[in-house]
S.K.: 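Let me begin by handing over the structure; questions about it come next.
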Amino acid sequence: MPKITEIEDLKRIYKRRVPKMFYDYAETGSWTEQTFRDNCSDFDEIRLRQRIAVDMDNRTTKAKMVGQDYAMPVALAPVGLCGMQSADGEIKAARAAEKFGVPFTLSTLSICSIEDIASHTSAPFWFQVYTLRDDDFMQRLFARAKDAKCSALVITVDLQIMGQRHKDIKNGLSAPPKLTPSSILNLATKVGWGLEMLQTKRRFFGNVVGHAKGVSDPGSLASWTAEAFDPSLDWERIREFRRRWDGPVILKGILDPEDAKMALDVGADAIVVSNHGGRQLDGALSSIRMLPQIMDAVGDRIEVHLDSGIRSGQDVLKALALGAKGTMIGRAFVYGLGAMGEAGVTRALEVIHKELDTTMALCGERDVANLGRHNLLLPEDFATRWR
Ligand code: GLV
């Protein structure tokens, strides 16, 4: 195995191995990608406070998220099309998460189905739903997730309509890839990926194809979102989804203190401060920059998690020190998955865990639960520059 010491190493291998269409799908933001870039560069603005001569024995990164015990406060985020990054990708990622002791979140837009994950893992996983027009289909998704013993429902609330990602349109993104002269040329250079893909039958949206009605091109993410997603979503409907699920509900895609208060009001157990990895509203502020305001608004009354921009254990630590109780990684594990399947996801988790643990120790802390603002050095106007 090549020496993998950081998430960037996995990304380099991933880029070589996986068809351009799927690499681009993961590695994109919407429109100008300003928010996509800010998500990472704003983490870099935060510096850490070094402390010495503190007993660093017996450290722990163990944490609870929505009442469940995990090896570290890092969940695998719901990411669409993982089974196109690597054959049976969602099964591989779920297995790596289970062995590591962190939650795996299955996306509705996965290639492997809810039932596939349930039959290949034994740890309960989290299931993500979008807010869709077809209520029958939504009800059946909830029931399937219940049958699969999913231990939390993650409702994505920032994708009533899809932000435009130029690359996906230019590449004609679909699952499985449509054969055009340029996709054939690119696929011809991805032999390892192709040989693995030929050995699986899971090449379509497993939760959707054969389950949802009236989708004209079920292989196309763009037409599925345009036809199936509910642009008329309101808080009443979110409240209704909350009522339907008798376990923890996590609302993902909250970026404003007012919406965080509404999430609390509808009875969510947790929120994920997120701008969908910069893939929705281009021009929105980064999640990490919005976190302090959201913590001030609701942090003592609801569990706050954060995603968008996390590529290292230092980033995880910064989010925790600003008050988050959990984090999600998306691209950071997808790079590992595309690079080397299950082993790559495990490696991504190991890298992030080691970075988190070592950074915590060098900050003079032994337990992630004790991280706080005292561990950080922030520019004066970090949370107030944009008003
Ligand atoms: C789906 O949620 C996407 O961001 O592509």
Side-chain angles (χ1 to χ4, degrees), residues 18-37 39 75-85 89-90 93 104-112 114 126-133 137-138 141 153-177 204-209 212 215 217-231 233 250-255 272-284 286-287 307-310 328-335 337-338:
V18 171
K20 179 176 183 314
M21 174 186 298
F22 300 119
Y23 174 84
D24 281 352
Y25 169 68
E27 200 55 22
T28 194
S30 54
W31 302 117
T32 69
E33 302 191 333
Q34 178 182 58
T35 301
F36 171 59
R37 289 188 298 276
N39 278 338
L76 300 194
V79 179
L81 284 99
C82 279
M84 285 290 125
Q85 305 290 4
E90 290 88 3
F104 169 73
T105 316
L106 183 70
S107 163
T108 295
L109 285 174
S110 56
I111 301 298
C112 304
I114 306 176
W126 296 355
F127 183 62
Q128 174 266 346
V129 288
Y130 297 98
T131 48
L132 308 174
R133 289 183 212 262
F137 177 58
M138 287 294 286
L141 271 184
L153 188 75
V154 178
I155 307 178
T156 296
V157 288
D158 60 0
L159 208 145
Q160 281 158 264
I161 55 170
M162 197 181 234
Q164 178 168 314
R165 300 104 190 229
H166 301 306
K167 292 171 213 162
D168 293 350
I169 299 175
K170 290 181 170 123
N171 290 331
L173 174 74
S174 69
F204 302 89
F205 290 111
N207 293 321
V208 176
V209 176
V215 180
D217 180 359
S220 157
L221 188 73
S223 54
W224 157 250
T225 47
E227 292 167 36
F229 286 47
D230 180 10
L233 177 75
I250 303 169
L251 293 188
K252 175 173 174 290
I254 303 284
L255 201 64
V272 186
V273 176
S274 170
N275 52 39
H276 213 103
R279 301 161 74 79
Q280 286 295 96
L281 177 62
D282 187 39
S286 67
S287 299
D307 87 356
S308 304
I310 295 182
M328 282 187 161
I329 53 168
R331 295 182 180 92
F333 91 80
V334 170
Y335 301 158
L337 179 65

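Being a predicted model, the structure only gives us computed values, none of them experimental. Whatever order the structure lists them in is the order used to number ligands and atoms, beginning at 1.
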S.K.: Could you pull out every N or O of ligand 1 that sits under 3.5 Å from a protein N or O, with the distance for each pair?
M.R.:
unit_1: ligand 1; atom_1: 2 (O); unit_2: Y130; atom_2: OH; d: 2.7
unit_1: ligand 1; atom_1: 2 (O); unit_2: H276; atom_2: NE2; d: 2.8
unit_1: ligand 1; atom_1: 4 (O); unit_2: R165; atom_2: NH1; d: 3.2
unit_1: ligand 1; atom_1: 4 (O); unit_2: R165; atom_2: NH2; d: 3.0
unit_1: ligand 1; atom_1: 4 (O); unit_2: H276; atom_2: NE2; d: 2.9
unit_1: ligand 1; atom_1: 4 (O); unit_2: R279; atom_2: NE; d: 2.8
unit_1: ligand 1; atom_1: 5 (O); unit_2: Y25; atom_2: OH; d: 2.6
unit_1: ligand 1; atom_1: 5 (O); unit_2: R165; atom_2: NH1; d: 2.7
unit_1: ligand 1; atom_1: 5 (O); unit_2: R279; atom_2: NH2; d: 3.0

S.K.: Would you give the length of the straight line joining atom CG of L159 to atom CG of D230, rounded to the nearest 0.5 angstrom?
M.R.: 12.0 Å
S.K.: Out of curiosity, S107 OG to I114 CD1, how far, rounded to the nearest 0.5 Å?
M.R.: 10.5 Å
S.K.: Check the angle between the aromatic planes of F229 and Y130 and answer parallel, tilted or perpendicular using the 30° and 60° thresholds.
M.R.: tilted
S.K.: Quick one: list whatever passes side-chain hydrogen bond (donor to acceptor under 3.5 Å, both in side chains) with R331, sequence neighbours left out.
M.R.: none
S.K.: Mind checking ring pair (Phe, Tyr, Trp, His ring centres under 6.0 Å) for F127 and listing every partner two or more places apart, or none if nothing turns up?
M.R.: none
S.K.: Taking side-chain hydrogen bond (donor to acceptor under 3.5 Å, both in side chains) as the test, write out the residues that go with T28, two or more places apart.
M.R.: E33
